[in-house]
Amino acid sequence: MRRPGPNGVRVALAMGVLALALLVPALLPRVWAQLGQDSDPRFAGLRWQFTRIRYDAHNAQQFRARYWSDSWAIDGPAAEQNLSRRLRSVTNIDVGEPVVLRIEDPELFNHPWVYFVEPGTLRLKESEVPILREFLLRGGTAVMDDFHGDIEMDNVVQEMKRVFPERKVITLPPSHPIFSCFYQLDGFPQVPGLGSFFAGRTWEKGGVNPELRAIEDDNGRAMVLMNWNTDMGDGWEWSNAEQYPGYIQHTAQAYRMMINEVIYTLTH
């Protein structure tokens with residue numbers, strides 16, 4: 001009987017390794033890579049879609065020259081894509097694909113949750129003011145994110161005064177149901193923008209203390225949510241960036257707080 005040559009030995013070994021590779025998985029428990037959290041069935045039947053508002057800004061040219069983008073478009077589209085994927089993974093909410101609309105778009109009233117980024121630069125057109133007022137009083141919610149310091153807050157307050165001259169801006173305390181409607185949070189987190197993170201701090205533009213402020217309707221529903229002195233959008237945008245491993249603690253906070261805001265919006 002002829003002994004197999006070197007090539008035959010290598011072929012036999014390869015066949016043996018292949019057989020073993022096929023056999024072992026059948027003998028082991030099935031394990032899926034990157035297994036996600038089981039979705040929460042309590043929210044089955046609810047629908048949500050990230051709707052970014054395209055708006056005019058008082059410093060549009062300067063902002064564009066500095067950031068190569070309009071202020072309304074900052075962090076997109078990665079921020080909304082990542083948040084939408086995360087919401088799908090932890091709830092049974094029917095999450096649509098993100099869209100961009102103007103307030104005057106006839107489609108607005110089919111999108112009851114809208115998002116303004118960098119509203120410290122916001123300038124509502126006269127024609128937009130009554131539309132936004134009706135949208136909110138009919139059950140819509142506007143979320144404002146990534147604005148910092150007293151100057152930018154003053155701008156947001158003045159613009160909202162045009163919409164609701166009779167209503168006050170309040171601060172939501174940790175006892176408010178928005179902090180416990182999904183994740184149990186002790187308070188409002190300060191998520192640093194990536195630039196602040198690189199500088200070794202969590203704040204910018206003098207906005208040291210983060211607060212969740214709101215305007216309520218007649219039933220006490222927070223219809224305008226103001227994420228002040230925090231940058232949730234950067235938290236979602238950069239949550240997949242492996243080159244910034246130290247930033248992940250902040251992305252987790254950004255996801256938890258915004259998912260709570262979404263759940264609150266859908267259930268109140």
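Numbering of residues begins at 1 and proceeds along the displayed sequence.
Checked by atom type and distance alone, the side chain of Asn82 never pairs as donor or acceptor with a backbone atom of Trp238 at under 3.5 Å. Checking side-chain atoms of Asn260 against main-chain N and O of Tyr183 turns up a donor-acceptor pair under 3.5 Å. Remark: side-chain polar atoms of Asp217 are not paired, donor with acceptor, to backbone N or O of Leu137 under 3.5 angstrom. Under the 3.5 Å distance criterion, the side-chain polar atoms of Thr230 are matched with a main-chain donor or acceptor of Pro189. Counting only distance, with no hydrogens or angles, the side chain of Arg102 and the backbone of Glu104 share no donor-acceptor pair below 3.5 Å. Side chain of Trp236 to backbone of Ala254: a donor-acceptor contact under 3.5 angstrom is found.
For the pair Glu204 and Ser196, the tightest heavy-atom approach, listed with the atom from each and the gap, is CB-OG, 3.6 Å. Between Ser89 and Arg86, the closest heavy-atom pair is OG-O, 2.7 Å. Taking every heavy atom of both residues into account, Ile131 and Ser127 meet most closely at CD1-O, 3.4 Å. Closest of all the heavy-atom pairs between Val163 and Arg133 is O-NH1, 2.8 Å. Counting all heavy atoms, side chain and backbone alike, Arg52 lies closest to Ala79 at NH2-CB, 4.4 Å. Taking both residues in full, the closest heavy atoms of Tyr55 and Ser71 are given as OH-OG, 3.2 Å, listed atom of the first, atom of the second, then distance.
Relative orientation of the Trp48 and Trp113 rings is perpendicular, given thresholds of 30° and 60° on the angle between their planes. Ring geometry for Phe135 against Phe109 counts as perpendicular: the plane angle is over 60°, on a 0 to 90° scale with 30° as the lower cut.
Taking the side chain as every heavy atom from C-beta outward, Met144 and Trp228 never approach each other to under 4.5 Å. At a threshold of 4.5 Å between non-hydrogen side-chain atoms, the residues Gln253 and Leu185 do not count as touching. In this structure the side chain of Trp72 never reaches within 4.5 angstrom of the side chain of Ile53, judged on heavy atoms. Counting only heavy atoms from C-beta outward, the side chains of Tyr115 and Glu80 never approach each other to under 4.5 Å. The shortest distance between side-chain heavy atoms of Glu152 and Asn229 does not fall below 4.5 Å. Annotation: side chain of Asn155 is in contact with side chain of Leu122 (closest heavy-atom distance under 4.5 Å). Taking 4.5 Å as the limit, every side-chain heavy atom of Gln158 sits out of range of all side-chain heavy atoms of Leu124. Looking at heavy atoms from C-beta onward, Leu225 lies in side-chain contact with Leu172 at the 4.5 angstrom threshold.
The CZ atom of Phe116 sits 11.0 Å away from the OG1 atom of Thr51 when rounded to the nearest 0.5 Å. One distance of note links CG of Asp145 with CG of Asp75; it measures 7.5 Å at 0.5 Å rounding. Expressed to the nearest 0.5 Å, how far CD of Gln81 lies from CG of Asn240 amounts to 10.0 Å. Remark: Met257 CE to Met232 CE distance equals 6.0 Å, nearest 0.5 Å. To the nearest 0.5 Å, the span separating CZ on Phe147 from CE on Met153 amounts to 4.0 Å. One finds the OG1 atom of Thr171 at 4.5 Å from the CZ atom of Arg213 (value rounded to the nearest 0.5 Å).
Other residues, nucleotides and ligands contribute at most 12 non-hydrogen atoms within 6.0 Å of the CZ atom of Arg256. Surrounding CZ of Arg47 are at most 12 heavy atoms belonging to other residues, nucleotides or ligands under 6.0 Å away. Within 6.0 Å of CD1 in Ile151 there are 12 or fewer heavy atoms belonging to other residues, nucleotides or ligands.
Using a cut-off of 4.0 Å between Lys/Arg side-chain N and Asp/Glu carboxylate O, Glu97 and Arg88 are scored as salt-bridged. At a threshold of 4.0 Å, the pair Asp218-Arg167 counts as salt-bridged, since one of the basic side-chain nitrogens sits closer than that to a carboxylate oxygen.
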For residues 242-250, please give each side-chain donor-acceptor pair under 3.5 Å, one per line with the distance, not counting sequence neighbours.
unit_1: Tyr247; atom_1: OH; unit_2: Pro192; atom_2: O; d: 2.5
unit_1: Gln249; atom_1: NE2; unit_2: Gly246; atom_2: O; d: 3.4

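Of the candidates Ile263, Val262, Leu266, Asp94, Phe43 forms a side-chain contact (heavy atoms from CB on, under 4.5 Å) with just one, namely Ile263. For the pairing with Asp231, the side-chain contact (heavy atoms from CB on, under 4.5 Å) check across Ile74, Thr202, Asp146 returns one residue only, Asp146.
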